[in-house]
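Please read the structure below before turning to the comments.
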Amino acid sequence: MTLTEDEMTQTAPDSTLEIGKDRRRKEDQRLITGRTRWTDNLTLPGMLHLAMVRSPFAHATITNIDKSAAEASPNVVRVITGADVADEQGGLPNAWPITPDQVTPNHPPIAVDRVVFAGEIVAVIVARSAAEARDAAELVDIDYDELPAALDLKEAAEDKVLAHPELGTNKSAFWRFDSEEAGTGGNVDQAIAKARTDGIVIEREYRQQRLIPAFMEPRSTVVDPTGEQITMWSSTQIPHILKFLLAAVTGVSESKIRVIAPDVGGGFGGKLQTTPEEFITFLVARQVGKPVKYTETRSESLMAAHHGRDQWQKLTLSAEKDGTVTGFKVELLADLGSHVSLVGGGVPVLGAFMFNAIYKFPAYQFNCQTVLTNKTWTDAYRGAGRPEATYAIERIMDELAAELGVDPFEVREKNWIKHEEFPFTTVAGLEYDSGNYEAATARAKELFGYDELRAEQKRRRDAGDQVQLGIGVSTFTEMCGLAPSRVLGSLDYGAGGWEHASVRMLPTGKVEVLTGASAHGQGHETAFSQIVADRLGVAFEDVEVLHGDTMVSHKGLDTYGSRSLVVGGEAIVKAADKVIEKAKPIAAHLLEASVDDIEFNAGRFSVKGTDQGLAMAEIALATFAAHNLPDGVEPSLDSDATFDPVNFNYPHGTHLCAMEVDTETGEVTMRKYAACDDIGNIINPLIVSGQLHGGLVQGIAQALWEEAVYDDSGTLVTGSFVDYLLPTAADTISFDLDHTTSPATTNTLGTKGVGEAGTIASTPAVVNAVVDAVRHLGVTDVRMPCTPERVWKAINDARGGAQAETVGAAAPHFDESTGMDGTVDRTSGGN
Amino acid sequence: MIPAPFDYLAPTTVEEALAALGQHGDDAKILAGGQSLLPVLRMRLNAPEVVIDLGKIHSLRGIRDDGDALVIGAMTQHSVVEHDPLVAEHATLISKAVEHLADHQIRHRGTFGGALAHADPAGDLGAPALALEAQFVIAGPAGTRTVAADDFFVDLFETAIGEDEILTEIRVPKHTGWGATYEKFVRVAHQWPIVAVAATVRVEGGTIAEARIGLTNMGSTPLRARAVEAALVGQPATEDAVRAAAAHAAEGTNPPSDLNGEAAYRAHLATVLVRRAVLSAAGTT
Ligand SMILES: Cc1cc2nc3c(=O)[nH]c(=O)nc-3n(C[C@H](O)[C@H](O)[C@H](O)COP(=O)(O)OP(=O)(O)OC[C@H]3O[C@@H](n4cnc5c(N)ncnc54)[C@H](O)[C@@H]3O)c2cc1C
């Protein structure tokens, strides 16, 4: 079901309901002023501080470490090397071995005899102050024998230089999905072969550059070992998973560990990790028996917190001459960096089901080779796998349109799933429950002024203007709301995807909501309060949302993958409904009526057909007092629920970007950005706008500005914000946003995830626009980020007769005969 | 990030500051707005034993009219220069350059003299200072001397200021009535320029009577585009004439290659930006 604009305006929102209100975020005052509990704000009595000594080399043998000068430095308590703790430090976990034969190097928190990326921790200083720890860190004298480093992804995939010589290969895992094998579609090679003789084949190779999540708050960890439990505060997205893994790795009983993620200043996937720094702080605190703090510097964060993306994508799309796509084959190389981190190997797999996007492709094959290199390890970054997929398909659909000489919407419309075809099982085996691409596209075109801008583009082309105009389309969808536990199991992921909630009715009628989701800037406290206020009929202000402390909200799977509302919010709904069910017999008893005659509406239990009733707060107090409860009823309304979704959900939208390209300098300037997203029902439009705006800018930044660059020796060149270019408000324009509504059918709120949508959608829209502006000059691709110099060179190359950076004829970059794994049906759980 | 330990001195007069410099020699570092020095200290790229803060020397702040020149105190913040009406009227080129220097916070702290003394070839003030033929007043143990802009910038991060000297003020000859444009080419707003052009011209009856052009980030120091200047004089302020003159923009330059562009690209940018800057300064566009 989809509501069009007209229908939506006809159903005026009920002003007594919280859901749908533009509530300002309750948490913002304390977060913005900083008068709150960031981990680094924490000071405990007798607390010691850590500084890390990090490797300047990408790959080297450690031949000697002289720590005597550091140990003699003022107020240094201890200097620890990897060799000192080799037996007890354990290894960092990999929770998602994507194949049974995945090659997974050991991952010691402190390097023992060899370093495998520049930034790896080699020694740890424990001192009485952070400044003294830093001073002493300068004094550790380390001898290295430099080794050749595997840096370039394609070369690493050929095992020319080994990142970990003892493993004998850089190839970690090969993962394939094939629609013919899965029974979800045909044979892709046959489709391509047929199109070569009687159709169109488009071959492209795209680069997903390496990105740095660059959350605002650098990572920080405090461990207090002095109580009965060891308490860790950490700037993490995943306190619950961290607790479990701390126990699993260190052997400390899970019941003796408490993890607190206090206020956390952003993550974008970058804090979906268990880090060497966390394990080291935990280890040192236990060794010295005192509280210990470690806070990274921004330079350390850029260098050693995990990076994202970094893929080569070789794509082959086959189509009939009328633009009907007959097959799509994807061959990826994914750079893991030095280690297979928590879920790093699985990130490309999260994209595997999305390359077919909103389209009805009859045949599809996805191949991915993950590769170890001597660079910072990669893992989730906003969108994780899905931006890569969306970029590939939305770029190549524009190429198909260009090849056919038609409007990019024409090939999309010809191939997309029509609204009346939902629910629809895709060639990748997912069941899309709802959506309406036609409606979103119509609205986006209207917002954008599509026809007018196309006319202007033509005028400028015809006039040969120095500044040309390009229009980029991205009709994206994504799978989010991670995730049905069964599906995760079928993909060999190490955990489930449910979420937990508790609703506690306090005697005064106030409500405490405990959620296993772990907010780090999203606004959960506000959105969840709105849900509970409506459900229980209490005031928005009377709901307190508690999270991020394993002692308070003991159960949960945390926040990532646009899951908190659609999975965590649904758990809260279910727990709140249980509160109502528990309250009904008590209300009936107090009102001297039969339970069957009790109605609950807007916070009031009343007897059908009478004006007799009691408010939720009155029932709460009566339950607390417990003086007069029906026989056999426990004196508590508190309720728990754990919700495991049966399916992902599938937000979609049509994004349109107009870019101006100065053909003289290559400078690109955004002229207009309009999007119509369908994220189902909306709890808080203001929060949704915030998520979209931030997400859009992050995706635009991949297209235009951000790239983590290493030099030939494996040193991160973009090691500060001078060189790693993050945009600010000054670099963006006002976006024109609207939405259509096709409620999700798999949660009672009808909501879909929005946290990653903007990022996933925007990158191809921008690059398509840049290419579109200069395609008539012969340019068919510009590598991201589209720097002025790259655009200028692409134009020059095209003018010089050479094809700009297309690599359609490149050889396959891995041996297709290896790693074939056709046994598992990885997708049926998605249905 | 935490700098290595240092002693901190805050003299209140130039004499005291010079004495402190004399005493500590190259163990000391002068602190102005700290917008370049503090990052260096915090990343531990430098570890002076003594930091001498000029912030309490009030005589180093402010802008005054001195007949045919403006005098800008070395410790005058960028934000003050940016909004100063004298600068806007008589040294428009500086106003235009400062407006796009870094962001509000940095302009509020960073100083005019500190930026010039720092002599980052990508800094936005060197090219305007060169183009306006500023004079640098430098105080030392033997008294005060004045250095012409052409002689002030020696190399990358190196100026004519001696180790025992302090830059006290910058004298900018008035260019009242000259058109001025600072063309700064960046990828994001808060970035140092990839290339920038400082152009100021005096147009008489449609003809360019005088032209001064400074280039930012086209070599190890800010540079004058003298070949362009010479080619412009006496020419009509038209697109074609300026284009022809601007073709000389990269002559004698030695631009760097980095993530934002190779030298050849910068050379190309210089010719484009010089043309645009001159045309805009001349009021042609
Ligand atoms: C994020 C960021 C972005 C920036 N972007 C730009 C930009 O786009 N364009 C630009 O031009 N600049 C930029 N800057 C630099 C800014 O202009 C600084 O203000 C300037 O470089 C240094 O001025 P300061 O007063 O802060 O000097 P300080 O940092 O205090 O000192 C700089 C150097 O000059 C020496 N020094 C200072 N004053 C004197 C003096 N009177 N006599 C002798 N030596 C002295 C110091 O010893 C030191 O070596 C940026 C800075 C930052 C942090």
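So you know, we letter chains A, B, ... as the sequences are listed, proteins then strands, and number each from 1.
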What are the two closest non-hydrogen atoms of [X] and [Y], and how far apart are they?
X: Ala136(A); Y: Val76(A); answer: CB-CG2, 3.5 Å
X: His78(B); Y: Ile106(B); answer: CD2-O, 4.1 Å
X: Pro128(B); Y: Ile94(B); answer: CB-CG1, 4.2 Å

| query | Heavy-atom distance under 4.5 Å between the side chains of Leu215(B) and Pro222(B), does that happen here? | reply | no
| Side chain proximity check, Leu232(B) to Val242(B), heavy atoms < 4.5 angstrom | yes
Across chain A and chain B, going purely by atom type as modelled, what donor-acceptor pairs are there at a distance under 3.5 Å?
| from | atom 1 | to | atom 2 | distance (Å) |
| --- | --- | --- | --- | --- |
| Arg44(B) | NH1 | Asp135(A) | OD1 | 3.0 |
| Arg44(B) | NH2 | Asp135(A) | OD1 | 2.6 |
| Arg187(B) | O | Trp705(A) | NE1 | 3.1 |
| Arg187(B) | NH2 | Leu704(A) | O | 3.2 |
| Arg187(B) | NH2 | Trp705(A) | O | 3.0 |
| Ala189(B) | N | Asp731(A) | OD1 | 2.6 |
| Glu262(B) | N | Glu789(A) | OE2 | 2.7 |
| Glu262(B) | OE1 | Lys793(A) | NZ | 3.4 |
| Glu262(B) | OE2 | Lys793(A) | NZ | 3.3 |
| Tyr265(B) | OH | Thr665(A) | O | 2.5 |
| His268(B) | NE2 | Glu664(A) | O | 2.6 |
| His268(B) | NE2 | Trp792(A) | NE1 | 3.0 |
| Arg275(B) | NH1 | Glu664(A) | OE2 | 2.7 |
| Arg275(B) | NH2 | Glu664(A) | OE1 | 2.9 |
| Arg275(B) | NH2 | Glu664(A) | OE2 | 2.9 |
| Arg276(B) | NH1 | Asp662(A) | OD2 | 3.1 |
| Arg276(B) | NH2 | Asp662(A) | OD1 | 3.4 |
| Arg276(B) | NH2 | Asp662(A) | OD2 | 2.7 |
| Arg276(B) | NH2 | Glu664(A) | OE1 | 2.8 |

| With sequence neighbours excluded, residues passing side-chain hydrogen bond (donor to acceptor under 3.5 Å, both in side chains) with Thr216(B) | Tyr182(B)
| Heavy atoms from other residues, nucleotides or ligands near CE of Met1(B) exceed 12 (cutoff 6.0 Å) | yes
| For Ala51(A), is it the side chain, the backbone, both or neither that has a heavy atom under 4.5 Å from a heavy atom of chain B? | neither
| task | Heavy-atom distances under 4.5 Å only: say whether Pro218(A) touches chain B with side chain, backbone, both or neither. | result | neither
| Any idea which of Leu726(A), Val717(A), Leu725(A), Val668(A) has the most non-hydrogen atom pairs under 4.5 angstrom with chain B? | Leu725(A)
